[in-house]
Number of protein chains: 2
Amino acid sequence: MKRKITLKQIARELDVSISTVSKALRNSKEISEDTREKVQAFAKLYNYRPNNIALSLKNRKTKTIGIIIPEIVHHFFSKVISGIELVANKRGYNVIVGLSNESFDKEVINMEMLANGSIDGFILSIAKQTLQQQDYHHFSETISQGMPIVMFDRVVNDIQCDKVIVDDVQGAKKAVNKLVENGCKTIAIITTKDYVSVGKLRTQGYLEALDENKIHPEASLILKVDDKLVSEDYLDILEREIEQLFQTNKKMDGIFAVNELYAITAMKVARKQNKKIPDDIQVIGFTDGVLSKHATPSLTTVSQHGQKIGEKAAELLIHKLEHEDEEEQFQTVIIETELVERESTK
Amino acid sequence: MKRKITLKQIARELDVSISTVSKALRNSKEISEDTREKVQAFAKLYNYRPNNIALSLKNRKTKTIGIIIPEIVHHFFSKVISGIELVANKRGYNVIVGLSNESFDKEVINMEMLANGSIDGFILSIAKQTLQQQDYHHFSETISQGMPIVMFDRVVNDIQCDKVIVDDVQGAKKAVNKLVENGCKTIAIITTKDYVSVGKLRTQGYLEALDENKIHPEASLILKVDDKLVSEDYLDILEREIEQLFQTNKKMDGIFAVNELYAITAMKVARKQNKKIPDDIQVIGFTDGVLSKHATPSLTTVSQHGQKIGEKAAELLIHKLEHEDEEEQFQTVIIETELVERESTK
DNA sequence: ATTCGCAGCGAAAACGTTTTCGTGTTAACA
DNA sequence: TGTTAACACGAAAACGTTTTCGCTGCGAAT
């Protein structure tokens, strides 16, 4: 079990100084060709690689990006990571992941763990609990210490930083418009309580689309699910609420759900009630995950392009890291949504 | 944009030496109560946190675990990460993720990037391409340099290290036995080509279970899908091969699929052929993902407990890291599978 | 013979810690 | 008064790099 070899050891073996070895390996013209070859051969033989930690300390750069997300077992977030990792690696960066589990405390702790030198900057999506408490001091402190942050998806206006978001309003409008085009007259929305910004925005898009199509919105067609309950019987409760929705709205012929799970569950309920999809009722979801693609019938969704979001976020962060001299100015990039049509719509 | 404060700056401000500051913050008895309080107050005021990189360099430990997996957009792998992260964080470790994308080269590069000081040890699952080429030099080199590795799920016998696996053979037997119990007479398997170890093992379990139940295996009932094709029309091809399976085996009344996707697709094909699930034909999958839970009918599967695998792997690695003195000996932990019964079986 | 320039190399500082080993001051003791 | 012990603190090394600067020796130019 030989430890990794260092410059010092090479220097000792070859009876030259550490500086000479370092320069020889970097092909400095200061070193004679003789010595250079000798050193390089020796280094190659012992498979020398510069120690990253020492480099990080010296350069005060770690070439590592910290990601904080609410959970990783989630198609959208893992897509985003995948995108971040892609461009990060291409530009010589590593990626270190922290999970907040939607908890404020874990978000803070995780950020503190990473902020002390381990990384050069953050890419993050805010935990639900943080959004509720509206306590963002950990973000502003991090930024004021000179560590850039890029937020994606779940962002907040109070913090000055780069952001990558999806046009939720527009995406929702695309979905509802599609339903209208396809002849739906009574369109429901299954959404979340308002403190989740994306739920709120998608609801807004739904209302705007109805308005533009001169359809009068009805309270009974708007189902706001409390997504705080993550218990075992969450699914049951969800299903029952949706059944209720069907009961009170017999003429309902279109459903827009703000996520995959709600949409899938709606289809399940529809089937139970012997409604044919898409003939009797059409369904559109949001977020293009595995469920949408493999459900039967497969689900028409508004795709958010998670991978692209990750790529863009990484680009923004790396740009900021490598152009610190430029004057601070923050941008908010909007990734276009796309309506992916499948079998759940006509 | 004030940079993070260091010991040196505190020392200068308070007109004491760096060592004094360091000791004062660690509550050394060497330092007078007066000075201690003064230093601690100042440090608190400026929110001092020791620089992780400097600590890593000094201690030659990073308190960071490197994970290399084939892909992250995959329920099983993200579950595993989630498990690793859970116990790692609890024990003060961070987690840094590299993706191999099933490619040998990316696996090697990623490991090299991390092995030069960035991490203390690896937890990994081997890329398909690596398994095919059977080139494992990067693993043995890493290990011989004193960096411990824990492999999970896709492991290989040639390498001496801790391993966490699922009892694939046993899991497959559970599934097939269940089908037999439920009255199935003609049971097919949809599996992968043999170089994927898990596919091979699950096939073996299938055969063993048949044998134990005195059922004669038939070649036409064994469908080996080539999972190298990851193209757009992958799903189409898969579907057609499964249709073929149905055609040639009219009496087939049970299907065991080695993953979720194959199982879901089998159910889709069954529905097309107007076979009722589970009345005409029963289906069991492997890996407990989102698809299984939310499919209609929901899918009976052999759950692998990805989270537990991750937790166990992290425990093994951290133990090895913190007990380097103990004599080397490697264990292979087997995580029990569990048959989760849902609607696709009687 | 003196100066100059240059090639080739080494010493040392710096990044931010922790820790070992002094060192000076004061109080207590014989 | 001289010795010792306790106390409070600082200097320096070490982790592994990179880089600046200085030094040495030698051939060429004056």
Side-chain angles (χ1 to χ4, degrees), chain A residues 2-40 42-43 46-64 92 115-120 145-147, chain B residues 2-40 42-43 46-64 113 115-120 145-147:
Chain A
K2 36 175 191 183
R3 274 229 157 289
K4 296 226 72 172
I5 199 170
T6 69
L7 287 188
K8 195 194 278 196
Q9 293 171 45
I10 300 183
R12 197 182 306 141
E13 290 297 314
L14 296 183
D15 208 36
V16 291
S17 79
I18 297 182
S19 1
T20 303
V21 178
S22 174
K23 288 170 190 167
L25 291 176
R26 324 200 104 250
N27 278 317
S28 159
K29 316 212 69 179
E30 269 184 75
I31 307 299
S32 72
E33 202 165 330
D34 243 29
T35 324
R36 239 188 297 165
E37 282 176 5
K38 196 175 58 178
V39 171
Q40 297 197 358
F42 192 90
Y46 282 88
N47 197 25
Y48 169 80
R49 294 275 183 282
N51 181 305
N52 266 332
I53 295 290
L55 285 179
S56 298
L57 184 59
K58 179 137 191 42
N59 302 330
R60 294 145 121 224
K61 302 222 157 153
T62 62
K63 285 255 173 190
T64 302
N116 302 309
S118 305
I119 60 162
D120 295 339
Q145 289 187 341
M147 177 162 300
Chain B
K2 35 174 191 185
R3 272 229 159 287
K4 294 227 74 172
I5 198 168
T6 69
L7 287 187
K8 196 195 276 197
Q9 293 172 43
I10 300 184
R12 197 182 306 142
E13 289 297 315
L14 297 183
D15 208 36
V16 291
S17 78
I18 297 182
S19 1
T20 304
V21 178
S22 174
K23 290 171 190 166
L25 290 176
R26 324 199 105 250
N27 277 317
S28 160
K29 317 210 67 180
E30 267 186 75
I31 306 300
S32 72
E33 202 164 332
D34 243 30
T35 324
R36 238 187 298 165
E37 283 176 5
K38 196 175 58 177
V39 171
Q40 298 197 359
F42 192 90
Y46 282 88
N47 197 27
Y48 169 79
R49 294 275 182 282
N51 181 306
N52 267 332
I53 295 290
L55 285 179
S56 297
L57 184 59
K58 179 136 190 45
N59 302 331
R60 293 144 121 224
K61 303 222 157 154
T62 62
K63 285 259 175 185
T64 302
M113 257 187 108
N116 302 308
S118 304
I119 61 162
D120 295 339
Q145 289 187 340
M147 178 161 300

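Lettering follows sequence order; numbering is per chain, from 1.
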Query - Strand-adjacent residues in residues 11-22 of chain A, judged by heavy atoms under 4.0 Å from DNA chain D - result: A:I18, A:S19, A:S22
Report summary line: Between its two end axes (five pairs each) the helix from C:dA1-D:dT30 to C:dA30-D:dT1 turns, nearest 10 degrees, through 90°
Report task. Assign each of A:N59 and A:E30 to its nearest nucleotide of DNA chain D by heavy atoms, then name whichever residue's nucleotide is nearer the 5' end. Result -> A:N59
Query raised in the report: Of the nucleotides C:dT18, D:dC9, D:dT17, which one has an atom closest to the side chain of B:I31?
Result: D:dC9
Query raised in the report: Taking only residues two or more places apart in sequence or in another chain, which ones pass ring pair (Phe, Tyr, Trp, His ring centres under 6.0 Å) with B:Y48?
Result: none
**Report entry** Protein-nucleotide distance (B:N116, atom CG; D:dC15, atom P), rounded to Å
**Finding:** 18 Å
Report task. Please check the phosphate of D:dC15 (OP1 and OP2 only) for any side-chain N or O of A:K8 closer than 4.0 Å. Result -> yes
Query raised in the report: Side-chain N or O of A:T35 less than 4.0 angstrom from OP1 or OP2 on C:dC9?
Result: yes
Requested in this report: Report which part of the nucleic acid B:L7 touches: base, sugar-phosphate, or nothing (heavy-atom distance under 4.0 Å, all strands).
Outcome: base
Query raised in the report: Reckon A:K23 touches a base, only the sugar-phosphate, or nothing at all at heavy-atom distances under 4.0 Å?
Result: base
Requested in this report: Would you kindly give the CG-to-C1' distance between A:N52 and D:dT18, to the nearest whole Å?
Outcome: 14 Å
Query raised in the report: Which sits closer to the 5' end of DNA chain C, B:P50 or A:K29, going by the nucleotide each is nearest to?
Result: A:K29
Query raised in the report: Distance from A:L14 atom CG to A:T20 atom OG1, nearest 0.5 Å?
Result: 10.0 Å
Requested in this report: Nearest whole angstrom, please: distance from the P of D:dT19 to the CG of A:L25.
Outcome: 13 Å
Requested in this report: Using a heavy-atom cut-off of under 4.0 Å over every strand shown, decide if A:S56 touches base, sugar-phosphate, or nothing.
Outcome: nothing
